[in-house]
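Because the structure is a prediction, the values reported are computed rather than measured. Positions are given from 1, in the same order as the sequence printed here.
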Amino acid sequence: MKPFNEKIYVTRPILPDLDKVREEMEDIWETGMLTNFSDKHNELESKVKNYLKVDHLALFNNGTTALMIAIKALDIKGEVIVTPFTFPATLHALDWNNLKPVFCDVEKDSLNIDPERIEGLINDKTSAILAVHIFGNPCDHEKISRIAKKYDLRVIYDAAHAFGVEVDGKSIGNLGDVSMFSFHATKLFHTIEGGAVTTQDKSLAKKVKILRNFGIDEPEKIVMPGINGKLNELQSVVGLVNFELLSKEIKRRKEIHGLYCDYLKGVDGVDIYSINANVKKNYQYFVIRINEKMFGRSRKDVLEVFTKYNVFPSKYFFPICSEFKHYKKEKSAKRKYLLNSYNASMEVLALPFYGKLKNEEVKKICDILKSVKK
Ligand SMILES: *Cc1c(COP(=O)(O)O)cnc(C)c1O
């Protein structure tokens, strides 16, 4: 096999048709409104709100600000129980709100926070649970909500991987007290950089929107210490045009998902990450785990060979957040309490996955992987 001529990355963003972007941009040039909740922003906000089937939605300039503000709006103190198997932003959003993270291990297969371990971490300082729907696989929201009710805790979902996902016919954005989405270029739906907060709570939604705009409620009435979380008009246009391409992108990714599953079926030591049956999936990632014992080679070996062939899959999430310098001093961060998370961080590999990936490229990626096996 020859290496790919061009680099094959783990993802490629949806790229909208330039003429369509230009057409929409002309409206902006006519009005001169570049930002501050103008037409394009408001159109996108209502489109995304309808798509996600949520009661309230606020767009943001990125997912991290969205999460920081969602948490700020809840006005909580003390400790928050959180998964270490996530992107750094999940943890940092707590730190920026002066909240102490308490790490809770994930379930072995779903890699979502393990509800069975949450209660043991609760004390009188605990104020919330921050869970992540990893790889678009919904957390066990029923168990989490039962625990939250029992101990009067808030529930925050990082839904950065779960745009459009539904579970038991319910929108993912309606779970818990508040959810955050990311519209970064590497995510399924994107506005280059961007994000959103969703909630079913009307007064919380109002607070989120005020915090997004420097704490300004009405002109000359500044009611809280907000920051700048605004999504501008140009990026909103990119969102609007990308939005039209979304269903086609998902359809194509579903095909590619099927091809990967066919080619990798029965390969000992390659476990395909799977999502529960009651879920409407969004196909944001295609994830495998390399079981070194069964596969005969480590993930490191696999990555080295892929690099030779010009393929760049991605480790997720390595290292886990509990091992970062800033968090490893926490008592709950000890590796022995977080073995499912740690093991996943050593084995998980997200394979190249995007609509423009060709069938023969998918096959070759699988052939390369199989060629590494001992
Ligand atoms: C992408 C991502 C974020 C951060 O979102 P940005 O829009 O890049 O700020 C947070 N959490 C998770 C799980 C993510 O994947």
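- Every residue meeting the ring pair (Phe, Tyr, Trp, His ring centres under 6.0 Å) condition with Tyr157, not counting sequence neighbours, appears here in chain and number order: His133.
- Annotation for Glu6: atom CD does not count as buried by contact number, only 12 or fewer foreign heavy atoms lying within 6.0 Å.
- In summary, Lys20 and Glu24 do not engage in a salt bridge, as defined by a charged side-chain N under 4.0 Å from a carboxylate O.
- The number of heavy atoms from other shown groups lying within 6.0 Å of NZ (Lys77) does not exceed 12.
- Minimum heavy-atom separation, Ile272 to Cys261: CD1-CA, 3.9 Å.
- In this view, His56 satisfies the ring pair (Phe, Tyr, Trp, His ring centres under 6.0 Å) rule with no residue, not counting sequence neighbours.
- Across Val54 and Ser171, no two heavy atoms sit closer than the pair CG1-OG, 3.8 Å.
- Summarising the local packing, CE of Met25 is surrounded by more than 12 heavy atoms from other residues, nucleotides or ligands at distances under 6.0 Å.
- Screening residues 10-47 for ring pair (Phe, Tyr, Trp, His ring centres under 6.0 Å), with sequence neighbours left out, gives Phe37-His41.
- A ring pair (Phe, Tyr, Trp, His ring centres under 6.0 Å) check over residues 273-305, counting only residues at least two apart or in different chains, returns the pairs Phe135-Tyr273, Phe135-Tyr285, His161-Tyr285, His257-Tyr283, His257-Phe286, Tyr260-Phe286, Tyr285-Tyr316.
- Counting only residues at least two apart or in different chains, salt bridge (Lys or Arg N to Asp or Glu O under 4.0 Å) contacts with residues 223-247 comprise Lys47-Glu244.
- Scored by the side chain to side chain contact (heavy atoms under 4.5 Å, CB included) test, Asp109 finds no partners at all (sequence neighbours excluded).
- Between Glu107 and Arg117 there is no salt bridge, since no side-chain N of the basic residue sits under 4.0 Å from a carboxylate O of the acidic one.
- Residue pairs meeting the salt bridge (Lys or Arg N to Asp or Glu O under 4.0 Å) criterion with at least one partner in residues 173-195, sequence neighbours excluded, are Arg154-Asp177.
- Each ring pair (Phe, Tyr, Trp, His ring centres under 6.0 Å) pair with one or both residues in residues 192-244, not counting sequence neighbours, appears once here: Tyr51-Phe243, Phe189-Phe243.
- Judged by the 6.0 Å and 45° rule, Arg299 forms a cation-pi pair with Phe318.
- Residue Asn228 qualifies as enclosed at atom CG: its count of foreign heavy atoms under 6.0 Å is above 12.
- Taking Lys150 as the reference, Glu119 meet the side chain to side chain donor-acceptor pair (under 3.5 Å) condition, with sequence neighbours excluded.
- In the hydrophobic clustering, where aliphatic and aromatic side chains (Ile, Leu, Val, Met, Phe, Trp, Tyr) are joined below 4.5 Å either directly or transitively, Ile192 groups with Val238.
- Clustering of Ile, Leu, Val, Met, Phe, Trp and Tyr by side-chain heavy atoms under 4.5 Å joins Phe312 with Tyr9.
- Surrounding NZ of Lys170 are at most 12 heavy atoms belonging to other residues, nucleotides or ligands under 6.0 Å away.
- Every side chain to side chain contact (heavy atoms under 4.5 Å, CB included) that Leu15 has, sequence neighbours left out, goes to Lys356.
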